[in-house]
**Student:** 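The structure under discussion is supplied below as structure tokens; questions concerning it will follow.
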2 protein chains.
Amino acid sequence: MIAQTIYTAFDRAGQRITRPRRLIADRLAELAASGADFSLDDLWHDLREQDPHFGRATLYRSIEVLVNQGLLDRITYADGSHRYHVCHDNTHYHLTCVQCRRFVEVDLDVSVEQFASVCHQTNFSLEGLTLTLFGRCARCRNEQGDAPR
Amino acid sequence: MIAQTIYTAFDRAGQRITRPRRLIADRLAELAASGADFSLDDLWHDLREQDPHFGRATLYRSIEVLVNQGLLDRITYADGSHRYHVCHDNTHYHLTCVQCRRFVEVDLDVSVEQFASVCHQTNFSLEGLTLTLFGRCARCRNEQGDAPR
DNA sequence: TTTTCTGCAAACGGTTTGCATCGCT
DNA sequence: AGCGATGCAAACCGTTTGCAGAAAA
């Protein structure tokens, strides 16, 4: 159960299991099941349906923890906006549509060893990497020339 | 001369060559020569020294054009902040330090054809990609355990 | 009972916009 | 002369913070 994993992540970060965090975990579990990606605002509105007084700040504070714990993936778009999704594994690559923002995770045969070796030569320790392909999906290309984005 | 290239880019975008844009081009030429990366705020302060009334909005409007023209590269950090640098060529990869933010361009043998083929399978048109390696540089690792970032 | 967490509201910081004026062409 | 570009100030929007009260441990 994903909700359990999330409780554990909070615990690992030394955070109490509270009602708001339970609501977050439950909703994230649903989102993980559907594979959907979401903005914090989306998520906040969902949570407000469970509890009309759910605070925005609470959400931001909790999400930060989950991102740091590697449970949530924060995707940054070319315009600087963010969307999130629950991670399946810890290395993955994205292909995202610059117009409608739908994205898929893709399987790339990327040589992480090569990156490690480049880092080593440059005397960096490698702590992470992001690889995002930006493109336009078929649906958006077929729409009658709407202004991009 | 890089400043010339920038004039051309403005022209290609159908924008007049004005005094503020000349100042921007000149300053970017200097920055390109030194290889430095910069924030818009850095750049704005530089420009204010040339002209104390230089408007922020003007800078944002012009930079947007240059980014779209592929002359400037906008780097998005893990925390969502941005820095820029003048591009040397149109495909490059970054290795950036999560602590001090210095970065180097690295030469990676990345198979762009592979990406193109993945996009094709997924029925996306490939319009760009970002690949950034995050790590910690030697200097930051050697400092006495300062709090990261 | 102690400590952490919460919701609220206000602050923040980077970016964008409306508008009257200025200045390229 | 005409239209685009500018500078300014205000608006915006996602995010963070300060705080007093509420809820876990």
Side-chain angles (χ1 to χ4, degrees), chain A residues 6-27 37-69 72 74-84 101 147 149, chain B residues 6-27 37-69 72 74-84 101 147 149:
Chain A
I6 297 175
Y7 292 160
T8 312
F10 279 128
D11 190 49
R12 211 180 325 146
Q15 318 256 87
R16 293 176 178 171
I17 306 299
T18 60
R19 178 172 147 76
R21 303 219 248 245
R22 256 190 298 267
L23 290 176
I24 290 173
D26 292 349
R27 182 74 249 241
D37 66 299
F38 51 91
S39 67
L40 284 193
D41 209 58
D42 293 341
L43 181 50
W44 182 63
H45 281 101
D46 294 345
L47 293 167
R48 281 243 146 175
E49 278 174 29
Q50 307 300 311
D51 173 0
H53 293 283
F54 200 110
R56 242 179 227 283
T58 303
L59 180 57
Y60 276 93
R61 292 186 271 236
S62 295
I63 289 308
E64 187 62 21
V65 171
L66 297 178
V67 170
N68 290 339
Q69 294 281 327
L72 274 183
R74 172 189 281 134
I75 303 159
T76 301
Y77 286 85
D79 67 357
S81 64
H82 296 139
R83 290 181 75 78
Y84 296 80
R101 310 207 147 176
R149 224 196 285 122
Chain B
I6 297 175
Y7 292 160
T8 313
F10 280 128
D11 190 51
R12 211 180 325 144
Q15 317 258 92
R16 293 177 178 169
I17 306 299
T18 60
R19 177 171 146 76
R21 302 219 249 246
R22 255 191 298 267
L23 290 176
I24 290 173
D26 292 349
R27 182 73 249 241
D37 65 300
F38 51 91
S39 67
L40 283 193
D41 209 60
D42 293 341
L43 181 51
W44 182 63
H45 280 101
D46 295 345
L47 293 167
R48 282 244 144 174
E49 280 175 28
Q50 307 299 311
D51 174 359
H53 292 283
F54 201 110
R56 241 178 227 283
T58 303
L59 179 57
Y60 276 93
R61 291 186 270 237
S62 295
I63 289 308
E64 188 61 21
V65 172
L66 296 178
V67 170
N68 291 338
Q69 293 281 326
L72 275 184
R74 174 189 281 134
I75 304 159
T76 301
Y77 286 85
D79 67 356
S81 64
H82 296 138
R83 291 180 75 79
Y84 296 79
R101 309 205 148 177
R149 217 185 305 115

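The shown structure was predicted, so the numbers you read here are calculated from the model rather than taken from an experiment. Letters go in sequence order (proteins before strands), and every chain restarts at 1.
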**Student:** Please report the closest heavy-atom contact between B:R12 and B:Q69, naming both atoms and the distance.
**Tutor:** NH1-OE1, 2.8 Å
**Student:** Below the 4.0 Å mark, does D:dA5 have OP1 or OP2 next to a side-chain nitrogen or oxygen of B:T18?
**Tutor:** no
**Student:** Under 4.5 Å between any side-chain heavy atoms of B:D41 and B:R56, yes or no?
**Tutor:** yes
**Student:** Select one nucleotide: of C:dT15, D:dC8, C:dA9, the one nearest the side-chain heavy atoms of A:A57.
**Tutor:** C:dA9
**Student:** Measure from CD on A:E64 to P on C:dC5 and round the result to the nearest Å.
**Tutor:** 15 Å
**Student:** Send over the distance from A:L43 CG to D:dT15 P, rounded to a whole Å.
**Tutor:** 12 Å
**Student:** Rounded to the Å, how far apart are A:F54 CZ and C:dT6 P?
**Tutor:** 7 Å
**Student:** For the pair made of CZ in B:R19 and P in C:dT25, what is the distance, rounded to whole Å?
**Tutor:** 15 Å
**Student:** Provide, to the nearest angstrom, the distance between the CG atom belonging to A:L59 and the P atom belonging to D:dC13.
**Tutor:** 19 Å
**Student:** Look at the side chain of B:R16 and decide which nucleotide, out of D:dC19, D:dG14, C:dT25, has an atom nearest to it.
**Tutor:** C:dT25
**Student:** Are any of B:Q15's side-chain N or O atoms less than 4.0 Å away from OP1 or OP2 of D:dG4?
**Tutor:** no
**Student:** When you get a sec, tell me which of D:dC8, D:dA5, C:dT6 is the closest nucleotide to the side chain of B:H53?
**Tutor:** D:dC8
**Student:** Write down the distance between CZ (B:R22) and C1' (C:dG23), rounded to a whole number of angstrom.
**Tutor:** 11 Å
**Student:** Quick check: on DNA chain C, is the nucleotide nearest A:P20 upstream (toward 5') of the one nearest B:I17, or the reverse? Name the residue that is more 5'.
**Tutor:** A:P20
**Student:** For the side chain of B:Y60, starting at C-beta, report the closest nucleotide among C:dT15, D:dA24, D:dT15.
**Tutor:** C:dT15
**Student:** Quick one: is B:S81 getting a side-chain N or O under 4.0 Å of the C:dG14 phosphate, OP1 or OP2?
**Tutor:** no
**Student:** Tell me whether A:D11 contacts the main-chain N or O of A:T8 through its side chain, where contact means a donor paired with an acceptor under 3.5 Å.
**Tutor:** no
**Student:** Select base, sugar-phosphate, or nothing to describe what A:R48 touches, counting heavy atoms under 4.0 Å on all strands.
**Tutor:** sugar-phosphate
**Student:** Do B:R61 side-chain and D:dG7 base share a donor-acceptor contact under 3.5 Å?
**Tutor:** yes
**Student:** Between the side chain of B:N68 and the main-chain N/O of B:V65, is any donor-acceptor distance below 3.5 Å?
**Tutor:** no
**Student:** How long is the line joining CG of B:D41 and C1' of C:dG13, in whole Å?
**Tutor:** 10 Å
**Student:** Nearest whole angstrom, please: distance from the C1' of C:dC24 to the CG of B:L23.
**Tutor:** 15 Å
**Student:** Counting heavy atoms from C-beta on, name the nucleotide in C:dG7, D:dC8, D:dT6 closest to the side chain of B:R21.
**Tutor:** D:dT6
**Student:** Look at the side chain of A:W44 and the backbone N and O of A:F54, then say whether any donor-acceptor pair between them is shorter than 3.5 Å.
**Tutor:** yes
